[in-house]
*Asks:* 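Pasting in a structure now, in structure tokens, and then I'll have a few things to ask.
The chains referred to below are lettered A, B, ... by the order of the sequence lines, with proteins before strands, and numbering in each begins at 1. This structure is a prediction, so every number in the text was calculated from the model and none was measured.
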Amino acid sequence: MSEAEQTETGNEYPHRYNALMAQKLEGKWQDYWEREETFHAPNPGEEGFDPDRPKKFIMDMFPYPSGVGLHVGHPLGYIATDIYSRYQRMQGCNVLHPMGYDAFGLPAEQYAIQTGQHPRITTEANIATMKAQMRRLGLGHDPRRSVATTDVSFYRWTQWIFLQIFNSWYDEELDRARPISELIEELESGRIEPGDTESNPGGGKWQDLNGQERAAIINERRMAYVAEIPVNWCPGLGTVLANEEVTAEGRSERGNMPVYKRPLRQWMMRITSYCERLLDDLADLDWPEPIKLMQRNWIGRSEGAEVDFLGIDPAGGESAADGWIETRGSSGWPGGSPPEELAIRVFTTRPDTLYGATYMVLAPEHPLVDRLTAAEYDDSVPGPWRGQFPGQPAETSTPAEMVAAYKDYADSKTDIERQMEEKEKTGVFIGAWAINPVTEEKVPIFIADYVLMGYGTGAIMAVPAHDTRDFEFATQFEVPIIEVVKAPSGAEIAEGEAFTDHGTAVNSGLIDGLDTPAAKNKITGWLEENGLGSGTINYKLRDWLFSRQRYWGEPFPIIYDSDGAPIGLRDSDLPLELPEMEDYKPEVDEDPDSQPKPPLARAKDWATVSIDGKDYQRELNTMPNWAGSCWYYLRYLDPDNDERYAAEETEGYWMLSGKEEKARPESYDAGTSRIGGVDLYVGGAEHAVLHLLYSRFWHKLLFDLGHVSTPEPFHKLFNQGYVQAAAFTDERGIYVEASEVEEKDGSFFHDGKPVNREFGKMGKSLKNAVTPDEICSDFGADTLRLYEMYMGPLEASKPWNTRDIIGSHRFLQRFWRNLVDEESGELRVSSEPADGELQKKLHKTIAGVRADMDSLGFNTAIAKMIELNNALTGLDSIPAETAGSLVKMIAPFAPHLAEELWEKLGHSGSLAYEPFPEADASLLVEDQVEVAIQVMGKIRARISVPAGLDAEGLEEFARQDPAVVEALEGLTVRKVIAVPDSLVNFVAN
RNA sequence: GCCAGAGUGGCGGAAUUGGCAGACGCGCCAGAUUCAAAAUCUGGUGACCUUACGGUCGUGGGGGUUCAAGUCCCCCCUCUGGCACCA
């Protein structure tokens with residue numbers, strides 16, 4: 001018989017805490033909290049706001065409102081932040097603990113497509129379902145602050161932020177973003193020159209340019225800009241994707257569809273301007289080191305030098321190159337781009353190996369390839385140079401034919417195919433040579449796909465002796481290998497491998513004999529003096545591709561005039577709402593060469609707009625789903641504000657703290673400014689380089705423009721682990737419903753047939769999902785909350801085991817029984833004071849629980865409360881003071897049960913704001929402690945001694961113990977180690 | 001391949017700065033209660049040897065430092081996550 005049935009039949013324990021009672025009182029208190037607005041957190045200036053309390057802003061990474069609802073893995077973090085929030089409220093803090101929904105983007109849209117309903121309808125239904133599930137868990141969010149990124153009143157501000165970004169530029173000198181109006185002022189006053197750029201070839205003066213030219217120069221410098229660059233085109237999803245959304249296998253992170261590199265005109269965000277600050281400010285953040293490291297790696301800073309090699313015109317003979325080095329020596333290093341048509345700029349982290357650069361490699365897409373490719377191969381060109389790649393033409397082909405074939409080959413390969421081949425290098429000698437600027441020797445130029453157009457300059461100097469990839473290529477293509485770095489004596493050098501570590505320069509002219517760092521310095525200095533190179537820093541991070549060809553996203557607040565130049569909408573034109581459409585499906589295609597076709601193009605009436613009598617075309621792309629998640633935490637602060645994304649005072653209070661002076665841009669210094677930000681942000685590690693990097697970038701930009709008070713959004717980040725669960729496969733390898741699997745003698749059976757057990761992330765695909773609703777029905781939300789926290793450390797991934805839940809349920813039941821008579825329902829609480837022993841135990845528990853709470857060690861906090869509770873089971877009645885303290889301690893974990901007991905104890909109202917118990921320090925000291933006595937490291941006795949006894953005293957006690965005397969017999973004591981309150985060790989022989 | 005994290009009873013997991021390994025829970029065993037069962041309560045439960053007292057071994061494996069190592073150092077194995085020709 002189940003417990004629930006038992007109560008229904010009304011037997012001898014009508015007042016026992018069981019699933020049925022749990023559900024009854026959980027409903028009661030959830031209604032109470034809602035009715036009494038228990039978890040409403042007032043903003044500064046609002047009724048009930050107390051400026052004297054410290055603030056805590058505690059939040060989770062908000063979820064996608066998916067159609068299948070939550071399983072027990074999802075709320076792990078939500079429960080943790082709820083417990084922490086409740087604890088902080090009881091500590092007297094103003095706690096902001098909201099929850100929202102990341103409802104735009106591919107998952108929501110694809111679910112809508114599957115179900116054939118408009119995404120808004122399915123999204124709203126899904127949000128309602130999730131809200132109900134979270135309410136049932138007793139999560140104390142402030143319901144007024146529940147935002148969804150799809151709300152027009154929300155994305156109106158996403159659009160506003162986009163315009164802020166669009167209307168700003170990065171001032172390299174001041175190292176911060178500034179409004180675009182200030183750029184115009186700078187250009188007009190002549191403090192900044194337009195410069196020789198793509199939009200202003202020849203570097204014309206501002207005064208001499210017409211309006212259209214000026215607009216082009218401005219647009220080129222915006223933090224949000226349109227550019228034609230190679231992007232990740234995913235025809236299967238009908239959209240382009242950010243680098244961060246493409247897996248190592250060259251597939252879309254969502255949907256696992258093939259992704260191809262295609263040059264397309266798209267919106268970009270200049271996140272690369274913030275590389276250095278995104279990197280530097282990590283140091284001040286209280287984040288897990290692995291996440292910081294992932295961001296550092298993703299940003300990928302490397303120090304080195306840019307060096308120019310001069311390509312020799314294969315048609316023009318060698319004389320054109322004469323005097324090049326001398327010319328550079330007098331003209332100096334050209335910053336922007338090399339003045340010579342055929343100069344090939346490379347980036348290297350090892351300028352000290354320049355003397356060993358025996359060839360060059362350009363990416364197949366490098367702009368100089370066609371210009372440099374020779375008409376014929378010289379007869380002296382070795383066979384292996386003429387091309388090594390699958391499907392190559394005959395060796396007698398011309399360089400142009402070879403190059404064309406190789407480009408086709410490289411182009412056709414998806415990244416996944418590249419991986420397959422891995423070991424073998426491919427490439428083609430293009431028949432041309434270049435001059436090494438330090439040796440002045442001719443080196444051959446190859447193209448090969450191991451050089452990537454997207455990194456550095458798309459060209460390298462190859463030093464086969466000291467770079468693994470160059471070594472492989474050189475070996476395979478039979479290019480000379482010259483050693484220029486000698487390994488330090490004692491270092492092991494593997495035969496047949498490149499030596500890539502630091503050493504001493506050899507065969508290297510003016511840097512001979514220098515160790516690597518000194519050699520780098522000296523040669524870089526020499527290059528700079530001679531105008532041939534310059535020390536630089538390179539980053540892996542690319543600008544952020546910001547447009548998507550989807551319906552279900554924020555429309556860009558951008559229109560185009562007849563010139564095709566983008567114009568930002570005025571604030572008064574916001575929000576720009578998504579048009580209602582019959583057909584919002586993306587156009588997907590198997591063909592990698594298909595062109596993106598945004599669904600909004602089909603909204604003909606919406607796509608064109610007339611303003612002041614002039615016709616404009618709207619931007620038809622939408623924003624990626626990261627847009628809303630980049631800043632949603634700010635909207636929680638003041639979700640109904642129509643004037644600003646959040647009131648200034650409110651933002652300053654919750655983000656920085658109400659009392660501190662604000663760190664505004666003019667006083668900003670990365671090293672000393674307060675970081676501020678959300679006090680606790682809990683979520684999965686999978687967002688390490690996506691959401692968390694984008695969000696930091698937007699926040700810094702808003703900070704530079706003076707819209708937020710802190711340079712960082714999230715002060716403390718915590719990654720909760722995954723909930724794993726057993727999954728079972730049958731002999732065909734297909735997953736079977738885990739709930740139907742039976743265990744017999746350590747083996748597992750489904751439908752009588754043996755099945756294999758494995759562990760994986762809980763979810764639909766592994767058929768092992770357990771929903772919180774079923775656990776709430778079987779045990780109650782309080783039991784579920786407790787169990788999820790008791791499973792193990794919050795940061796660890798741990799397996800779900802329904803069988804273990806009963807332990808947490810029994811604890812609550814036993815706790816209840818300690819305070820309430822199960823037959824009569826009468827309190828078992830007495831007004832007698834607790835005896836000394838119990839007092840001590842209670843205060844030790846309080847101290848331990850507090851320490852654990854502060855460090856999010858909820859599993860051990862629970863263990864300590866269980867211990868105390870177990871100590872109470874033998875008592876006839878529980879002293880009221882002890883009972884009250886325990887109820888308050890358990891309240892963050894099992895809030896419904898605690899509220900009910902609090903009420904039974906004679907209090908009115910909620911205990912949500914009751915002070916958390918404090919330990920009396922005087923009760924924490926023991927007067928007797930047990931000390932272990934070891935002889936030669938083995939424990940021979942345990943004795944009880946007065947606490948704090950010094951080493952001599954301890955030794956004295958220890959020597960009197962009969963077991964010790966026996967163990968020491970016949971031995972000479974050489975040394976005695978005595979650690980007060982811990983142990984004594986006799987070293988003897 | 002590179003980087004990071006982890007490996008402790010049958011299971012989930014405890015163990016400030018090196019200082020009594022296995023807290024707490026599940027499971028299991030025994031007892032109480034019960035006509036009986038469930039529930040509940042009490043006790044036991046790392047392995048091996050021993051009738052017992054007691055002893056030996058034991059934190060993935062191997063070596064080392066130390067009076068003392070789950071914890072520090074070196075090598076290796078396995079698992080998880082991230083990156084992946086980044087010049």
Side-chain angles (χ1 to χ4, degrees), chain A residues 1-3 6 11-13 16 18 248-249 288-294 296-298 300-302 304 346-350 353 361 415 418-419 421-423 425 448-452 454-463 466-470 472-473 538-541 685-686 688-689 719 721-722 724 746 759 786-787 790-793 795-801 803-808 810-811 813-814 817 822 851 857 859-867 870 873-874 930-939 941-942 974-979 981-988:
Chain A
M1 207 199 305
S2 82
E3 292 172 48
Q6 190 184 45
N11 63 30
E12 63 267 51
Y13 302 119
R16 171 167 289 180
N18 55 24
E249 287 80 35
E289 274 314 312
I291 299 293
K292 289 189 182 182
L293 193 68
M294 279 161 72
R296 283 191 193 105
N297 290 342
W298 193 262
R301 181 184 198 273
S302 54
V346 301
F347 173 74
T348 177
T349 55
R350 292 294 298 271
T353 61
V361 186
D415 287 348
R418 284 190 179 197
Q419 279 201 299
E421 289 148 22
E422 227 171 320
K423 279 284 155 214
K425 288 275 182 291
D449 64 3
Y450 83 89
V451 173
L452 310 172
Y455 184 77
T457 59
I460 61 157
M461 63 175 215
V463 185
H466 306 290
D467 180 278
T468 314
R469 295 147 302 175
D470 296 344
E472 283 167 13
F473 186 92
N538 212 332
Y539 299 92
K540 236 166 82 179
L541 185 69
E686 68 272 21
V689 291
N719 294 122
Y722 297 112
Q724 299 172 312
F759 282 90
L786 204 67
Y787 172 66
Y790 191 58
M791 283 165 72
E795 67 272 22
S797 287
K798 52 239 154 186
W800 176 266
N801 197 347
R803 194 181 67 178
D804 290 350
I805 300 172
I806 188 69
S808 300
R810 283 209 276 252
F811 163 51
Q813 196 173 57
R814 211 172 293 159
R817 183 163 49 234
E822 293 186 323
N859 54 331
T860 46
I862 294 168
K864 290 178 175 102
M865 289 189 284
I866 293 176
E867 270 184 276
N870 288 347
T873 49
E930 198 186 52
V931 168
I933 313 298
Q934 301 176 331
V935 175
M936 292 304 291
K938 288 199 196 303
I939 291 169
R942 291 174 220 274
R974 302 284 170 201
K975 196 174 171 189
V976 181
I977 286 106
V979 183
D981 295 347
S982 179
L983 55 62
V984 180
N985 189 7
F986 290 95
V987 185

*Asks:* If the sugar-phosphate is the primed atoms plus P, OP1 and OP2 and the base is the rest, what is the B/S/- string for nucleotides 24-32 of chain B, using protein heavy atoms under 4.0 Å?
*Replies:* BSSS-----

*Asks:* Could you please name the partner base of rA32(B), counting Watson-Crick and G-U wobble pairs only when both distances are under 3.5 Å?
*Replies:* rU40(B)

*Asks:* What residues, two or more places apart in sequence or in another chain, satisfy side-chain contact (heavy atoms from CB on, under 4.5 Å) together with A941(A)?
*Replies:* I933(A), D961(A), A963(A), V964(A)

*Asks:* Is E930(A) touching bases, backbone alone, or none of the nucleic acid, heavy atoms closer than 4.0 Å?
*Replies:* base

*Asks:* Listed by chain and number, what are the side-chain contact (heavy atoms from CB on, under 4.5 Å) partners of A688(A), not counting sequence neighbours?
*Replies:* I291(A), M294(A)

*Asks:* Please list each protein N or O that sits under 3.5 Å from an N or O in nucleotides 65-72 of chain B, with the distance.
*Replies:*
| residue | atom | partner | partner atom | Å |
| --- | --- | --- | --- | --- |
| rC67(B) | O2' | N985(A) | ND2 | 3.2 |
| rC67(B) | O2 | N985(A) | ND2 | 2.8 |

*Asks:* State whether E867(A) and K864(A) are salt-bridged, where the test is any N-O pair (Lys NZ or Arg NE/NH1/NH2 against Asp/Glu carboxylate O) under 4.0 Å.
*Replies:* no

*Asks:* Can you find a heavy atom in the side chain of V987(A) that is under 4.5 Å from one in the side chain of M936(A)?
*Replies:* yes

*Asks:* To the nearest Å, how far apart are K938(A) NZ and rG19(B) C1'?
*Replies:* 16 Å

*Asks:* Choose from rA87(B), rU56(B), rG19(B) the nucleotide whose nearest atom is closest to any side-chain atom of S302(A).
*Replies:* rA87(B)

*Asks:* What nucleotide, of rC85(B), rG12(B), rC3(B), holds the atom closest to the side chain of L293(A)?
*Replies:* rC3(B)

*Asks:* Output all residues satisfying side-chain contact (heavy atoms from CB on, under 4.5 Å) with E930(A), sequence neighbours left out; order by chain, then residue number.
*Replies:* R942(A)

*Asks:* Which one, rC83(B), rG13(B), rU40(B), comes nearest to the side chain of P799(A)?
*Replies:* rG13(B)

*Asks:* Enumerate all atom pairs, one protein N or O and one N or O from nucleotides 45-50 of chain B, separated by less than 3.5 Å.
*Replies:*
none

*Asks:* Would a 4.5 Å heavy-atom cut-off, applied to side chains only, mark V463(A) and T348(A) as touching?
*Replies:* no

